[in-house]
2 protein chains.
Amino acid sequence: MPPTPPEKQSTFPSVWTRPRPTREHPALSRDHIVAEALRLLDEEGIDALSMRRLGTRLNAGATSLYRHVANKDELIELAVDEIYGEIEAPVHPDPANWRTDMAGCAHSLRTTILRHPWLASVLGEMGMSYLGPNWMRASEATLNVLTTAGFPTDEADRALSTVVAYVTGMATSEAAWLNVLARSGQDERTMVEHLWPAAEEAAQEYPLLREGYAEQRGTDPRAAREEGFQYGLDRVLDGLETRLK
Amino acid sequence: MPPTPPEKQSTFPSVWTRPRPTREHPALSRDHIVAEALRLLDEEGIDALSMRRLGTRLNAGATSLYRHVANKDELIELAVDEIYGEIEAPVHPDPANWRTDMAGCAHSLRTTILRHPWLASVLGEMGMSYLGPNWMRASEATLNVLTTAGFPTDEADRALSTVVAYVTGMATSEAAWLNVLARSGQDERTMVEHLWPAAEEAAQEYPLLREGYAEQRGTDPRAAREEGFQYGLDRVLDGLETRLK
DNA sequence: CCCGGATGCGAACACCGTACGCTGGCCGCG
DNA sequence: CGCGGCCAGCGTACGGTGTTCGCATCCGGG
């Protein structure tokens with residue numbers, strides 16, 4: 001009888017089966033951990049992220065992670081700022097085109113959130129880790145768009161907050177919907193169709209809501225989301241434009 | 001030696017110590033459960049809400065709650081819509097004053113969220129339970145403000161979404177900050193003062209951010225939040241106003 | 001070569017949400 | 001009045017969670 005293969009037999013107390021303790025390829029590191037956490041989050045959502053699952057995915061024990069990360073919360077904060085690294089903002093903004101520049105930042109933030117819908121689940125518990133390097137970089141760049149457009153520095157701050165609040169508010173509710181969608185495993189179109197009776201039932205006594213629902217019936221929900229976001233963004237930018245006289 | 005008091009000795013197998021099974025005052029009901037859950041949430045935040053703790057607070061076993069509520073998630077959804085009942089919206093809006101009416105709705109939504117900061121933690125996981133009766137009532141009333149102001153029905157929907165997105169986005173980040181604050185137990189003023197060095201350190205390479213920070217230094221943070229919200233709200237309403245020509 | 005700090009990890013603790021089956025009181029029907 | 005069924009409440013149990021602690025082992029530097 002051949003000996004059992006030496007793979008993963010470390011619990012069997014024999015010198016011969018003891019695994020060669022050569023470091024697995026790259027060992028464990030904070031960046032490695034965050035990267036794998038992101039992969040897990042994107043694939044299966046926030047509920048799937050547990051220290052144990054993350055550990056096994058890294059061929060490591062759950063508690064080993066604590067050598068590189070203080071908390072699960074800290075881990076998530078790191079992951080979030082990593083995501084913020086995807087936000088694009090113009091380096092040399094054009095004062096004449098500040099609206100399109102700002103619109104670009106806003107769309108970039110929105111698509112970033114929608115690309116990682118689990119973000120919405122944690123935004124409310126962290127503010128948005130305003131001190132992470134990637135968030136600060138994006139903020140500075142967007143602030144630059146506003147100041148070169150002519151906003152005084154203190155007002156540029158508030159204008160940025162306004163846009164960010166609108167975008168995160170909108171994207172958060174969209175992402176929550178995407179989360180529900182992902183859990184149901186259905187197509188957005190069919191999911192809406194399935195939900196329709198309940199919505200109409202609930203809106204029975206509310207004529208304005210009912211009318212709004214009825215008008216949306218049959219349209220592509222994804223396109224409607226996109227268009228709704230654009231509408232609100234245009235209004236916010238309109239409102240800011242009035243301040244530049 | 002006197003007998004042990006008959007209170008809560010049901011596990012001791014004696015006829016004499018068995019508690020009189022008279023129904024405690026009101027028994028258990030869904031409304032009762034939701035009300036107590038709200039009390040717990042407001043006092044100690046979202047992390048403190050567990051079925052076991054809620055059960056003991058109601059002098060009941062944890063699993064008894066499941067007779068009246070399907071899930072912890074459903075319980076939270078009920079609690080959230082209960083809170084939405086606090087939102088105020090004018091019943092007979094004045095078309096000439098639609099801006100102040102909308103501003104009132106917006107402020108009411110914001111203060112509602114800030115009064116229950118745990119709301120921010122769950123908004124991202126539920127969209128916002130758009131089908132709850134209280135939310136629908138508030139939506140209908142606010143939609144009424146917009147349509148009587150002159151918005152066509154389909155645009156009123158999008159305008160409402162815009163305002164709601166801005167307010168929830170702003171209030172969410174404020175509430176997250178309040179949550180951090182509550183956990184630290186510190187005063188907002190002193191907490192800001194403590195955080196300052198880290199913020200300035202992090203903003204080292206970002207002149208615009210640094211300048212913005214510097215200008216805020218020493219001001220009352222609560223008033224600044226209030227004023228920042230008002231600024232953005234004014235911009236959003238400005239943007240909507242352009243659509244009424 | 002050896003030692004000390006860094007690193008991984010197994011076991012343990014205190015919780016969590018919830019499925020299941022029992023008990024005992026209540027209500028309506030015979 | 002008696003009784004049978006219904007159902008609220010609950011004890012137990014299962015499989016999971018984040019995190020602490022102490023031990024084993026490895027690696028780099030004197």
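Please read all numbers here as calculations on a predicted model, not as lab measurements. Order of the sequence lines sets the chain letters (A, B, ...), proteins ahead of strands, with each chain counted from 1.
Of the listed nucleotides (D:dG18, C:dG8, D:dG11), D:dG11 has the atom at the smallest distance from the side chain of B:Thr63. Nearest nucleotide to the B:Tyr66 side chain, out of D:dT17, C:dG17, D:dC10: C:dG17. Checking C:dT18, C:dC9, D:dT19 against every side-chain atom of A:Ser64, the shortest atom distance belongs to C:dC9.
Across the protein-nucleic acid pair, B:Glu74 atom CD and C:dT18 atom P stand 11 Å apart, rounded to whole Å. Between the CG atom of A:Asn59 and the P atom of C:dG10 there is a distance of 12 Å, rounded to whole Å. In this structure, B:Asp47 atom CG and D:dG18 atom C1' are separated by 12 Å, rounded to whole Å. A:Arg67 has its CZ atom 18 Å from the P atom of D:dG18, to the nearest Å. One interatomic measurement links the two molecules: CE of B:Met51 to C1' of D:dG16, which rounds to 17 Å at whole-angstrom precision. The CG atom of A:Asp73 sits 16 Å away from the P atom of D:dT17 (whole-angstrom rounding). The distance from atom CZ of B:Arg30 to atom C1' of D:dC7 is 16 Å, rounded to the nearest whole Å. If you take CG of A:Leu65 and C1' of D:dT20, they are 14 Å apart, rounded to a whole angstrom.
Within the 4.0 angstrom heavy-atom criterion, only backbone atoms of the sugar-phosphate kind lie near A:Leu49; the bases stay farther away. Nucleic acid contact for A:Ala62: none, since no nucleic acid atom lies under 4.0 Å from a heavy atom of the residue.
With DNA chain D read from its 5' end, the first of the two nearest nucleotides for A:Ala70 and A:Ser50 is the one closest to A:Ser50.
Below 30°, between 30° and 60°, or above 60°: for B:Phe229 and B:Tyr166 the angle between ring planes is below 30°, a parallel geometry.
OP1 or OP2 of D:dG9 sits under 4.0 Å from a side-chain N or O of B:His68. A close approach under 4.0 Å does not occur between any side-chain nitrogen or oxygen of A:Asn71 and OP1 or OP2 of D:dG18.
Proximity of a side-chain donor or acceptor of B:Glu140 to a complementary backbone N or O of A:Leu208 within less than 3.5 Å is detected.
Using a 3.5 Å distance cut-off with no hydrogens or angles, the side chains of B:Trp118 and B:Asp47 do not pair a donor with an acceptor.
Taking a cutoff of 4.0 Å between a charged side-chain nitrogen and a carboxylate oxygen, A:Glu193 and A:Arg217 qualify as a salt bridge. Classification of A:Arg30 and A:Glu74 as a salt-bridged pair holds, one side-chain N sitting under 4.0 Å from a carboxylate O.
At a cut-off of 3.5 angstrom, counting only N and O atoms as typed in the model, there is no donor on one side facing an acceptor on the other between the side-chain of A:Arg52 and the base of D:dG16.
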